Participant: 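The structure follows.
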Amino acid sequence: MSSDLPPPPVEPDSGERRFSTLDRTVRALEARVSGGASPHAVWAAWEDWARHLSRAPGRQLDLAMRAQQNFSKLAAHVTTGAPAGTRPFAPKANDSRFDDAGWEKPPFALWQQGFLAAEDWWDYATGEIRGMRSKTAQRVNFMAGQMLDVLSPSNFPATNPEILRRTAETGGQNLVEGARHAWADAMDRLTGEGALPETEFAVGRDIAATPGEVVWRNTLFELIQYAPQTDNVQAEPVLIVPAWIMKYYILDLSPQNSLINYLVGQGFTVFAISWRNPGAECRDLSLDDYRKQGVMAAIDAVGRIVPGQKIHACGYCLGGTILSIAAATMARDGDDRLASLTLLAAQVDFAEAGELGLFVDEAQVAFLEDAMWDQGYLDKRQMVGAFRALRSHDLVWSHAVRRYFLGEDDAQSDIGTWNADATRMPARMHSEYLRGLFLENRLSAGRFAVEGAVIALGDITAPIFALGTEKDHIAPWRSVYKLALFTDTELTFALTSGGHNGGVVSEPGHPHRRYRIGCRKPGDLYQPPDRWAAAHPPKDGSWWPDWRDWLNRHGSGIRVAPPSMGAASEGLPPLGPAPGTYVFQR
């Protein structure tokens with residue numbers, strides 16, 4: 001038989017494999033409609049809850065009694081006309097929908113109390129049932145809250161006293177303005193991602209405006225070196241690794257609340273990564289590409305511009321996660337170029353990853369993978385929608401009421417402009433992140449391999465400064481604190497007031513800020529997070545000066561003349577002024 005003949009075609013093992021592309025296409029189309037939420041994950045949670053509830057007659061009696069009690073409280077309130085301070089149901093701490101004084105008067109008070117009574121019952125009904133997965137209960141509770149948020153009387157003009165009053169005062173002009181806003185937003189959705197909303201904060205002029213130069217660029221990021229503001233500087237430079245999920249300038253907002261501008265003004269040579277906004281052409285970039293072509297390439301470039309000095313590396317959010325991976329890999333390989341490691345609201349353990357982790361299971365990850373397979377990336381609208389859903393009553397419905405029924409323009413702010421300026425994420429990288437870290441939690445479990453060998457966070461010997469924020473719903477501070485379980489080096493932990501972004505952007509002079517701080521020396525016993533918090537009383541003010549002093553203590557203490565901008569002799573000439581070009585990619 002001639003060896004020139006081609007081999008016979010290999011038939012698929014099953015019809016399912018033959019038509020798998022059709023399945024992925026269908027799921028990708030579903031993802032565009034659902035905003036990336038897997039219908040299977042949603043219905044599986046409700047099914048699990050209903051099945052366990054159907055076999056729990058005692059729980060059913062509890063719910064019936066709770067409904068009767070809530071109805072009795074509501075009826076007693078109506079018949080007695082109790083004052084506002086003695087009403088049976090109160091909004092949750094972060095719920096501002098009923099702040100208007102009009103909700104204290106009939107019939108609005110009755111509608112408000114009826115809604116809050118229903119909300120109380122559903123909170124109780126979606127608690128755990130013996131034998132049910134804890135994550136199922138959390139999912140169902142979250143989804144029940146989402147559905148109730150839609151039905152809140154604050155969302156409808158006829159049942160919202162503030163809308164009725166504004167309509168009477170303006171002769172309906174608020175509704176005219178609201179209709180104009182609704183039309184503009186609808187057109188923005190129909191035409192794709194759209195431009196940034198109109199704002200007085202211009203990137204490069206009002207925000208992201210700290211003077212500097214782009215001194216390195218590859219296909220993944222631009223490296224910005226900031227111009228010195230002091231006659232001499234600390235010998236060791238600072239490298240900032242932001243999250244790739246948003247633009248870097250959350251750390252370089254207006255000059256007065258820019259962490260980067262603050263560091264430069266305190267005498268540090270600062271470098272920052274500005275990630276590219278990837279499109280479909282970047283679909284095959286991996287998580288390790290972000291380590292090698294991102295973090296490690298930046299460390300190499302900084303080392304060539306400031307030779308002979310170790311580097312203070314600082315990572316924010318997901319930037320802190322990839323920086324932790326890079327630092328552990330460097331420690332494994334004997335690379336000692338890091339003087340210190342700072343992790344701001346960054347997780348290395350994802351067992352308790354907060355509300356974002358509620359729907360991260362195999363069904364949801366596979367669904368997102370099919371959506372990204374179609375697009376080549378995770379669309380920023382899908383990502384932003386997930387964040388808004390975590391606080392839908394405030395970020396979705398209350399925002400819609402203000403914009404469409406009260407006719408108010410969105411308040412302009414530097415952080416609001418940044419928040420609207422999201423980036424996309426490459427398909428392969430985001431899939432590897434979701435599976436390897438979020439879903440399988442490999443990093444803290446000792447199962448995360450880099451270049452064929454497992455890395456360990458315990459290998460890191462550089463001192464670490466870690467920051468958590470009290471109201472963080474993206475990286476809960478107790479999850480951030482778990483770093484203490486997986487490292488043996490000196491660890492300084494700070495807990496600041498505020499949320500995931502506001503707690504980090506907490507400049508000196510910012511009103512109503514407080515923080516706790518403490519240091520664990522090598523060999524100290526582990527303290528659980530709540531015991532740690534009880535042992536470290538809060539201090540008023542910003543954590544920034546403490547971090548500045550910490551960086552100074554963990555440097556050489558030597559001040560030198562500022563380095564040149566870039567290093568032309570090393571192939572790193574300045575390429576253009578900060579904030580560069582990647583930050584403007586839409």
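Computed from a prediction, not measured in an experiment: that's the story for all the values here.
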Participant: Under a 4.5 Å cut-off applied to non-hydrogen side-chain atoms, are Thr581 and Arg217 in contact?
Facilitator: yes

Participant: Give, for atom CZ of Phe271 and atom CG of Leu239, the distance between the pair rounded to the nearest 0.5 Å.
Facilitator: 8.5 Å

Participant: Where do Arg513 and Ser542 land on the side chain to side chain contact (heavy atoms under 4.5 Å, CB included) test, with the steps shown first?
Facilitator: CA-CA 6 Å; Arg513 290 299 191 196; Ser542 166; 5.7 Å; no

Participant: Taking atom types as modelled, find out whether Ser340 and His554 have a side-chain donor-acceptor pair closer than 3.5 angstrom.
Facilitator: no

Participant: What's the shortest heavy-atom distance between Ala297 and Asn218, and which atoms?
Facilitator: CB-ND2, 4.2 Å

Participant: Using salt bridge (Lys or Arg N to Asp or Glu O under 4.0 Å) as the criterion, list what pairs up with Glu440, not counting sequence neighbours.
Facilitator: Arg442

Participant: Output yes when Asp288 and Arg291 qualify as a salt bridge under the 4.0 Å nitrogen-oxygen rule, no when they do not.
Facilitator: yes

Participant: Could you pull out every donor-acceptor pair under 3.5 Å between side chains of residues 317-329 and any protein atom, sequence neighbours left out?
Facilitator:
from, atom 1, to, atom 2, distance (Å)
Thr321, OG1, Gln347, O, 2.8
Ser324, OG, Gly320, O, 2.8
Thr329, OG1, Ile325, O, 2.8

Participant: Of all residues at least two apart in sequence or in a different chain, which pass the side chain to side chain donor-acceptor pair (under 3.5 Å) check with Thr126?
Facilitator: Asn141

Participant: Go through the structure and list residues passing side chain to side chain donor-acceptor pair (under 3.5 Å) with Asp185, not counting sequence neighbours.
Facilitator: Arg403, Tyr404

Participant: Do Leu253 and Trp418 come within less than 4.5 Å of each other through their side chains, counting heavy atoms only?
Facilitator: yes

Participant: Tell me every residue that passes salt bridge (Lys or Arg N to Asp or Glu O under 4.0 Å) with Asp289, counting only those two or more places apart in sequence or in another chain.
Facilitator: none

Participant: Are Glu119 and Arg97 close enough for a salt bridge, meaning some N to O gap below 4.0 Å?
Facilitator: yes

Participant: I'd like to know if Arg276 pairs up with Glu281 as an ion pair, taking the criterion as any Lys NZ or Arg NE/NH1/NH2 lying under 4.0 Å from an Asp or Glu carboxylate oxygen.
Facilitator: yes

Participant: Considering residues at least two apart in sequence or located in another chain, which fulfil the ring-ring contact (aromatic ring centres under 6.0 Å, His included) criterion with Tyr433?
Facilitator: His430, Phe438

Participant: Check Asp335 against Arg337 and note the closest heavy-atom contact, atom names and distance.
Facilitator: OD2-NH2, 2.8 Å

Participant: So which heavy atom on Met330 is nearest to which on Leu338, and how close?
Facilitator: CE-CG, 3.9 Å

Participant: In chain order, what residues pass the side chain to side chain donor-acceptor pair (under 3.5 Å) check against Lys92, with sequence neighbours excluded?
Facilitator: Asp123

Participant: Hey, is Arg478 close enough to Asp530 for a salt bridge, meaning N to O under 4.0 Å?
Facilitator: yes

Participant: Does any pair with a residue in residues 453-471 pass side chain to side chain donor-acceptor pair (under 3.5 Å), and if so which ones, sequence neighbours excluded?
Facilitator: Thr469-Asp472, Glu470-Arg514

Participant: Side chains of Pro237 and His312: closer than 4.5 Å at any heavy-atom pair?
Facilitator: no

Participant: What distance separates Ser274 OG from Gln585 CD, expressed to the nearest 0.5 Å?
Facilitator: 8.0 Å

Participant: Give a yes or no on whether the backbone of Arg51 and the side-chain of Ser54 come within a donor-acceptor separation of less than 3.5 Å.
Facilitator: yes

Participant: One thing to verify: whether Asp284 and Arg428 come together as a salt bridge, which I'm taking to mean a side-chain N less than 4.0 angstrom from a carboxylate O.
Facilitator: no

Participant: By ring-ring contact (aromatic ring centres under 6.0 Å, His included), which residues pair with His52, not counting sequence neighbours?
Facilitator: none

Participant: So which heavy atom on Gly458 is nearest to which on Asp488, and how close?
Facilitator: O-OD2, 4.0 Å

Participant: List in chain and number order the residues that pass ring-ring contact (aromatic ring centres under 6.0 Å, His included) with Phe493, two or more places apart in sequence or in another chain; answer none if no residue qualifies.
Facilitator: Tyr481, Trp532

Participant: Rounded at 0.5 Å granularity, tell me how far CH2 in Trp216 sits from CG in Leu223.
Facilitator: 9.5 Å

Participant: Does Leu341 reach the side chain of Pro463, with side-chain heavy atoms less than 4.5 Å apart?
Facilitator: no

Participant: How long is the span from the CD1 atom in Ile464 to the CG atom in Leu483, to the nearest 0.5 Å?
Facilitator: 5.0 Å

Participant: Go through the structure and list residues passing ring-ring contact (aromatic ring centres under 6.0 Å, His included) with Trp544, not counting sequence neighbours.
Facilitator: Tyr262

Participant: Might you point out which heavy atoms bring Phe448 and Leu287 nearest each other, and give the distance in Å?
Facilitator: CZ-CD2, 4.0 Å

Participant: Taking the six-membered ring for Trp, are Tyr290 and Trp275 ring centroids under 6.0 Å apart?
Facilitator: yes

Participant: When you compare the side chains of Asp421 and Tyr249, does any donor N or O come within less than 3.5 Å of an acceptor on the partner?
Facilitator: yes

Participant: Of Leu467, Thr492, Leu259, which meets side chain to side chain contact (heavy atoms under 4.5 Å, CB included) against Trp547?
Facilitator: Leu259

Participant: Hey, which of Ile240, Leu251, Val241 is the one that makes side chain to side chain contact (heavy atoms under 4.5 Å, CB included) with Tyr316?
Facilitator: Leu251

Participant: Can you tell me how far CZ of Phe465 sits from OG1 of Thr342, rounded to the nearest 0.5 angstrom?
Facilitator: 6.5 Å

Participant: For the residue pair Cys282 and Tyr377, establish whether any side-chain heavy-atom pair is separated by less than 4.5 Å.
Facilitator: no

Participant: Would Trp46 and Trp43 satisfy ring pair (Phe, Tyr, Trp, His ring centres under 6.0 Å), going step by step from the backbone distance to the final call?
Facilitator: CA-CA 5 Å; Trp46 281 110; Trp43 288 113; 7.8 Å; no

Participant: Examine distances only and state if a side-chain atom of Arg516 and a backbone atom of Ala533 form a donor-acceptor pair shorter than 3.5 Å.
Facilitator: yes

Participant: Check Tyr582 against Leu220 and note the closest heavy-atom contact, atom names and distance.
Facilitator: CE1-C, 4.1 Å

Participant: Can you list the steps and then say if Arg55 with Ile129 is a side chain to side chain contact (heavy atoms under 4.5 Å, CB included)?
Facilitator: CA-CA 10 Å; Arg55 299 199 305 268; Ile129 303 172; over 6 Å; no

Participant: Does Val454 reach the side chain of Arg447, with side-chain heavy atoms less than 4.5 Å apart?
Facilitator: no

Participant: May I ask you to decide if Ser413's main-chain N or O and Thr417's side chain share a donor-acceptor pair within less than 3.5 Å?
Facilitator: yes

Participant: Quick one, Glu490 with Cys519, criterion side chain to side chain contact (heavy atoms under 4.5 Å, CB included). Give me CA distance, side-chain angles, the key distance, then yes/no.
Facilitator: CA-CA 7 Å; Glu490 176 191 312; Cys519 179; 3.8 Å; yes

Participant: Tell me whether Arg133 at atom CZ has more than 12 heavy atoms from other residues, nucleotides or ligands lying less than 6.0 Å away.
Facilitator: no

Participant: Which residues pass the side chain to side chain donor-acceptor pair (under 3.5 Å) test with Asp349, not counting sequence neighbours?
Facilitator: Asn441, Ser444, Lys482

Participant: Can you confirm whether the side chains of Asn277 and Thr423 place a donor and an acceptor under 3.5 Å from each other?
Facilitator: no

Participant: Would you indicate whether the side-chain heavy atoms of Tyr515 and Pro538 approach each other to under 4.5 Å?
Facilitator: no

Participant: Once you round to the nearest 0.5 Å, how far does CH2 of Trp397 lie from NE2 of His399?
Facilitator: 12.5 Å

Participant: Is there a side-chain contact between Ile224 and Val270 (heavy atoms, below 4.5 Å)?
Facilitator: no

